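I have placed the structure first, in the form of structure tokens, so that the comments after it can refer back to it.
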There are 2 protein chains.
Amino acid sequence: MTTTRAEQRRQTELRILAAARRLFGEHGYDRTTIRAIAAAADSDAGLVMRYFGSKEQLFAQVATIPAEGPIEGDPDQIAELLTAALGGKLADEPAAALAALRAMFSHPEAGREVRTAMIGQQRQVAALMPGDDAALRAGVIGALTIGTVIGRHLLEFDGLADATPGEITAVLRPLIRALVSGDASE
Amino acid sequence: MTTTRAEQRRQTELRILAAARRLFGEHGYDRTTIRAIAAAADSDAGLVMRYFGSKEQLFAQVATIPAEGPIEGDPDQIAELLTAALGGKLADEPAAALAALRAMFSHPEAGREVRTAMIGQQRQVAALMPGDDAALRAGVIGALTIGTVIGRHLLEFDGLADATPGEITAVLRPLIRALVSGDASE
DNA sequence: GTCTATAAAGTGATAGAC
DNA sequence: GTCTATCACTTTATAGAC
């Protein structure tokens, strides 16, 4: 087989990225060492530095949060969009988001990124929701979202870790609908 | 004024504990150094070690999660108990719980403690709830709980950080009631 | 291109002077 | 009792041998 130098290097880079995603997601930013990533990728700490510049830059490449599509429509459509988006986050092993989530509380920049992304969506949603307390209800939707993801992937609550995404969204859908429309809260 | 040596020492210990609570809560376990705690308490790193043995033991004293009372009664009473307990956690600055929460994702032992405490309560509640998917709904209640606390104290979602505990529980109460009773989910 | 050796800085923990 | 000085270790990052 003919593997050029460039191909070799690309494959090593991919192995390093995969190892970094997994280890950052499992142990957080501070407890994941360049050495451990290199070892897990069957590579070398010096190479990791050479390819990615610094631990910080490697983390940034690995822990970016995928952007969400814009939210629009009437309350029912908004509720369905939010429920579907949450269902997607419950699918198995979104390693990149996990790394950002776990690092959120110890790595200031990761925390800011999660916060910015979530607050932006909440404001977007709140603007389309009826009622005086729309901002509060949008915040509760955000809390429900992040709590469910954490409960399933990180803390592994028995009810959440065992169920399928469909079963979970079936329970969440009516809650989100009630929060969006404002029923039973004023 | 007459301050005995024992009193002096006790006051220094209390200052160290307060500083540790604050710094662990703000920056997490790994990023909080013994030196920083000592400086914040106007004390000395050597003394911190002498009084508390190790960084680990100091953290354990500071980040224990207060035990919850037992849950019992009919579904309506359970929902009210859970809502009230959550309201208490939204009161301002529960520094000890914050330290445990922030460390949860990087400090394995802290994570286990939070997980054990929350799963225990969820199982207790699920056993008293009607329906086949009681465990799932109990997990969602747990997710809502931890998500709300994180959203208010750590991520500071605008809707949650601004509101009073009473306003927040007013929104959460009907959600929790629906989850406990199982209405609109089967 | 890849990896070894090492530098530079910061950590928790300890010993001992005052 | 309190604090200074230091140890032993680990970290990221760099320089240079192969």
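Letters go in sequence order (proteins before strands), and every chain restarts at 1. Scope of the values below: all heavy atoms of this structure, side chains included, with no hydrogens, waters or symmetry mates. These figures come from a predicted structure and were not determined experimentally.
- B:Arg35 has its CZ atom 13 Å from the P atom of D:dT6, to the nearest Å.
- Between A:Ile37 atom CD1 and D:dT10 atom C1' there is a gap of 16 Å when expressed in whole angstrom units.
- Along DNA chain D, the nucleotide nearest to B:Gly46 and the one nearest to B:Ala6 differ in position, and the one closer to the 5' end is contacted by B:Ala6.
- Counting non-hydrogen atoms under 4.0 angstrom, B:Ser54 reaches the backbone sugars and phosphates but no base.
- Remark: of the listed residues B:Glu13, B:Gln11, B:Glu7, B:Glu13 is the sole one forming a side-chain hydrogen bond (donor to acceptor under 3.5 Å, both in side chains) with B:Arg9.
- Using a 4.5 Å heavy-atom threshold, the side chains of A:Phe52 and A:Gln61 count as touching.
- For the atom pair A:Gln122 CD and A:Leu82 CG, the distance stands at 10.0 Å (nearest 0.5 Å).
- A:Tyr51 comes within 4.0 angstrom of sugar-phosphate atoms only, judged by non-hydrogen atoms across all strands, and of no base.
- With respect to A:Glu26 and A:Arg22, a salt bridge is recorded, a charged nitrogen being found less than 4.0 Å from a carboxylate O.
- The CZ atom of A:Phe52 sits 16 Å away from the P atom of D:dT14 (whole-angstrom rounding).
- Between chain B and DNA chain C, the heavy-atom contact criterion of under 4.0 Å yields a 5' to 3' nucleotide range of C:dT11 to C:dT14.
- Under the 3.5 Å distance criterion, the side-chain polar atoms of B:Arg102 are left unmatched by any main-chain donor or acceptor of B:Phe24.
- Atom pair B:Leu47:CG and D:dA5:P shows a separation of 15 Å (rounding to whole Å applied).
- At a threshold of 4.5 Å between non-hydrogen side-chain atoms, the residues B:Val114 and B:Met118 count as touching.
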